[in-house]
Enquirer: 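There's a structure below that I have some questions on.
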There are 2 protein chains.
Amino acid sequence: MTDEDLGELCARATRRLAKDEQPLLDEHGVSMWQYITLSALAREPARSQLELARAIRYDKTRLIALLDELEAAGLISRRPDPEDRRARLVSLTPEGTQRHTAIRHAIRAMEDRILADLGPAARGLLRSGLRHLAYGGVAGS
Amino acid sequence: MTDEDLGELCARATRRLAKDEQPLLDEHGVSMWQYITLSALAREPARSQLELARAIRYDKTRLIALLDELEAAGLISRRPDPEDRRARLVSLTPEGTQRHTAIRHAIRAMEDRILADLGPAARGLLRSGLRHLAYGGVAGS
DNA sequence: TATTGTTATACTCTATAACTATA
DNA sequence: TATAGTTATAGAGTATAACAATA
């Protein structure tokens, strides 16, 4: 009865991580959503902007201005899909790949500092628990 | 290198929990922040609205309208502090306590369903890991 | 007729500053 | 002068609807 709700705890952890990531993102000149977008494209180029929006669970109309900025910064490229000229193929430029890698390293180092006194087993279970919360289903649904 | 960032993972888990909590909150007629406020007051009545705002890390100006609604719903009471007439003591009414307990039970049951196949040790480490992320400091700061 | 990308509009949420009453 | 509560206003963030091009 003295524990916080899991949701509240999770929300606080998220805000704390976001707060610690912000200065790193600022240094590299990208917003949180821009970094998430770069991460998604690093995993796999998008066959359309709509597919990309769904992959990162971001609004498709807001994604447009975000991609405009990333394109103007030379971090991504958009080109029409020859097989479906409505769609635009989105991928990282070499500079985009490089930028994403640099930011990722900085963020991982920050995470490692936060988790420093946790031990490998506890870290692993935290990660797998979070993955369960994020992606796992519920018994009976 | 194949893992997601901890921040992204945590954000997804938070959104998932919030999504699953929403229908429960709707049933009981309170918003997420209203529930967080009731939870804070259930732990301990507030000696001022400012103290309450800081405790839940919510903006003091937005808290006002939120408390207005909770007061109109008969879930909290505000009365001037006799020792400092600038401040207002905020506490749950009996109905507020009852409402909070009911919502809390519903949310805990939902959480238990999500965590059903996780085992007590994994649950405990998930909770302590999250608490570390949420409240823990960083080596060197 | 449906879908992709886009723009424009309206709406909500959040942050800032200013005011009052007390101290 | 500083603080608690409040209000008003401006800004950012978000959601909705509509349009052109293509399928």
Side-chain angles (χ1 to χ4, degrees), chain A residues 7-8 11-12 14-16 18-19 21-22 25-26 29-37 40-41 44-72 75-91, chain B residues 7-8 11-12 14-16 18-19 21-22 25-26 29-37 40-41 44-72 75-91:
Chain A
E8 187 177 350
R12 283 195 194 284
T14 301
R15 264 174 291 170
R16 188 270 171 94
K19 195 176 164 191
E21 278 179 21
Q22 197 57 59
L25 294 169
D26 289 347
V30 300
S31 70
M32 179 77 74
W33 276 112
Q34 285 177 338
Y35 172 64
I36 290 172
T37 302
L41 293 174
E44 162 178 57
R47 286 207 304 270
S48 76
Q49 297 182 183
L50 204 56
E51 181 195 77
L52 179 57
R54 278 195 281 256
I56 63 175
R57 296 180 205 187
Y58 194 61
D59 188 79
K60 67 160 185 169
T61 65
R62 277 181 287 153
L63 183 60
I64 292 166
L66 189 150
L67 292 179
D68 287 345
E69 292 160 13
L70 289 177
E71 194 175 33
L75 302 179
I76 65 156
S77 75
R78 283 192 277 201
R79 62 190 187 84
D81 182 346
E83 295 179 2
D84 181 347
R85 283 184 305 177
R86 292 173 306 179
R88 308 179 72 171
L89 302 167
V90 187
S91 58
Chain B
E8 187 176 350
R12 283 195 194 283
T14 301
R15 265 176 288 172
R16 189 270 171 94
K19 195 176 163 191
E21 278 179 23
Q22 198 56 58
L25 294 170
D26 289 347
V30 300
S31 70
M32 179 78 72
W33 277 111
Q34 286 177 337
Y35 171 64
I36 290 172
T37 302
L41 294 174
E44 161 178 57
R47 287 207 305 270
S48 77
Q49 297 182 184
L50 204 55
E51 181 195 77
L52 178 58
R54 278 194 280 255
I56 63 175
R57 295 179 207 189
Y58 194 60
D59 187 80
K60 67 161 185 168
T61 66
R62 277 182 286 155
L63 184 60
I64 292 166
L66 189 149
L67 291 179
D68 287 346
E69 292 161 11
L70 288 178
E71 193 174 34
L75 302 179
I76 65 156
S77 76
R78 284 193 276 201
R79 61 189 187 83
D81 182 346
E83 296 178 3
D84 181 348
R85 284 184 303 176
R86 292 173 305 179
R88 308 180 70 171
L89 302 166
V90 188
S91 58

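Naming convention: chains lettered A, B, ... in sequence-line order (proteins, then strands); numbering from 1 in each chain. We use all heavy atoms of the structure for the numbers below, so side chains are in, but hydrogens, waters and symmetry mates are not. Just so we're clear, the structure is a prediction, and the values are computed from it rather than from any experiment.
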Enquirer: Kindly give the heavy-atom pair with the smallest separation between A:Y35 and A:V30, and that separation in Å.
Expert: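 Minimum heavy-atom separation between A:Y35 and A:V30: CB-CG2, 4.2 Å.
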
Enquirer: How many whole angstroms separate atom CD of A:Q49 from atom P of C:dT3?
Expert: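 Distance, rounded to whole Å: 17 Å.
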
Enquirer: Taking any heavy-atom pair under 4.0 Å as a contact, classify A:R47: base, sugar-phosphate, or nothing.
Expert: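 Here A:R47 touches no strand at all.
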
Enquirer: To the nearest Å, how far apart are A:E71 CD and C:dG5 P?
Expert: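 Going from CD in A:E71 over to P in C:dG5 covers 13 Å.
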
Enquirer: How do B:R78 and A:D81 order along DNA chain D: which one's closest nucleotide is nearer the 5' end?
Expert: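 On the 5' side of the pair lies B:R78.
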
Enquirer: With the side chain of B:K60 defined as its heavy atoms from C-beta on, choose the nearest nucleotide among D:dT6, C:dG5, C:dT22.
Expert: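 The answer is D:dT6.
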
Enquirer: Given atom CG of A:L63 and atom P of C:dT4, what is their separation to the nearest angstrom?
Expert: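 Rounded to the whole Å, the gap is 13 Å.
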
Enquirer: Between A:R54 and A:K60, does the side-chain contact (heavy atoms from CB on, under 4.5 Å) criterion hold? Intermediate values first, please.
Expert: CA-CA 8 Å; A:R54 278 195 281 256; A:K60 67 160 185 169; over 6 Å; no

Enquirer: Using whole Å, what does the distance between atom P of nucleotide D:dG5 and atom CD1 of B:I76 come to?
Expert: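 About 12 Å, once rounded to whole Å.
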
Enquirer: Closer to the 5' end of DNA chain C via nearest nucleotide, is it A:D84 or A:D68?
Expert: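 First, find each residue's nearest nucleotide; the 5'-ward one identifies A:D84.
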
Enquirer: Where do N or O atoms of nucleotides 1-3 of chain D meet protein N or O atoms at under 3.5 Å, pair by pair?
Expert:
| unit_1 | atom_1 | unit_2 | atom_2 | d |
| --- | --- | --- | --- | --- |
| D:dT3 | O2 | B:R86 | NH1 | 3.0 |

Enquirer: Which residues pass the salt bridge (Lys or Arg N to Asp or Glu O under 4.0 Å) test with A:E51, sequence neighbours left out?
Expert: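 If we apply the salt bridge (Lys or Arg N to Asp or Glu O under 4.0 Å) test to A:E51, skipping adjacent residues, the hits are A:R47.
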
Enquirer: Given C:dT4, D:dT6, D:dA4, identify the nucleotide with an atom nearest to the side chain of A:R54.
Expert: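 Output: C:dT4.
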
Enquirer: Sort and list the pairs that fulfil salt bridge (charged side-chain N to carboxylate O under 4.0 Å, His left out) and have at least one residue in residues 62-71 of chain A, not counting sequence neighbours.
Expert: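 Non-adjacent pairs meeting salt bridge (charged side-chain N to carboxylate O under 4.0 Å, His left out): A:D68-A:R78, A:E71-A:R78.
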
Enquirer: Round to the nearest Å and state the distance from A:I64 atom CD1 to D:dC19 atom C1'.
Expert: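 Computing the A:I64:CD1 to D:dC19:C1' distance gives 12 Å.
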
Enquirer: Between N or O atoms, less than 3.5 Å apart, protein on one side and nucleotides 12-16 of chain D on the other: list the pairs.
Expert:
| unit_1 | atom_1 | unit_2 | atom_2 | d |
| --- | --- | --- | --- | --- |
| D:dT14 | OP2 | A:R62 | NH1 | 2.9 |
| D:dT14 | O5' | A:R62 | NH1 | 3.3 |
| D:dA15 | OP2 | A:R62 | NH2 | 2.8 |
| D:dT16 | O4 | A:T61 | OG1 | 3.4 |

Enquirer: Got a sec, which residues hit salt bridge (Lys or Arg N to Asp or Glu O under 4.0 Å) with A:E21, two or more places apart in sequence or on another chain?
Expert: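 Scan of A:E21 (salt bridge (Lys or Arg N to Asp or Glu O under 4.0 Å), adjacent residues dropped) gives none.
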
Enquirer: Side chains of A:L89 and A:P82: closer than 4.5 Å at any heavy-atom pair?
Expert: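 Yes - at least one pair of side-chain heavy atoms lies under 4.5 Å apart.
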
Enquirer: Do A:T37 and A:I76 have side chains that approach each other closer than 4.5 Å (heavy atoms only, starting at C-beta)?
Expert: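 Of all side-chain heavy-atom pairs linking A:I76 with A:T37, none is under 4.5 Å.
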
Enquirer: Could I get the full list of salt bridge (Lys or Arg N to Asp or Glu O under 4.0 Å) partners for A:R88, not counting sequence neighbours?
Expert: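 Per chain and number, A:R88 pairs via salt bridge (Lys or Arg N to Asp or Glu O under 4.0 Å) with no residue.
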
Enquirer: Looking at B:E44, I want to see if its CD is surrounded by more than 12 non-hydrogen atoms of other residues, nucleotides or ligands under 6.0 Å.
Expert: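 Result for CD/B:E44: open.
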
Enquirer: Can a side chain N or O of B:R88 be found less than 4.0 Å away from OP1 or OP2 on D:dA4?
Expert: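 Indeed not, no polar side-chain atom of B:R88 lies that close.
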
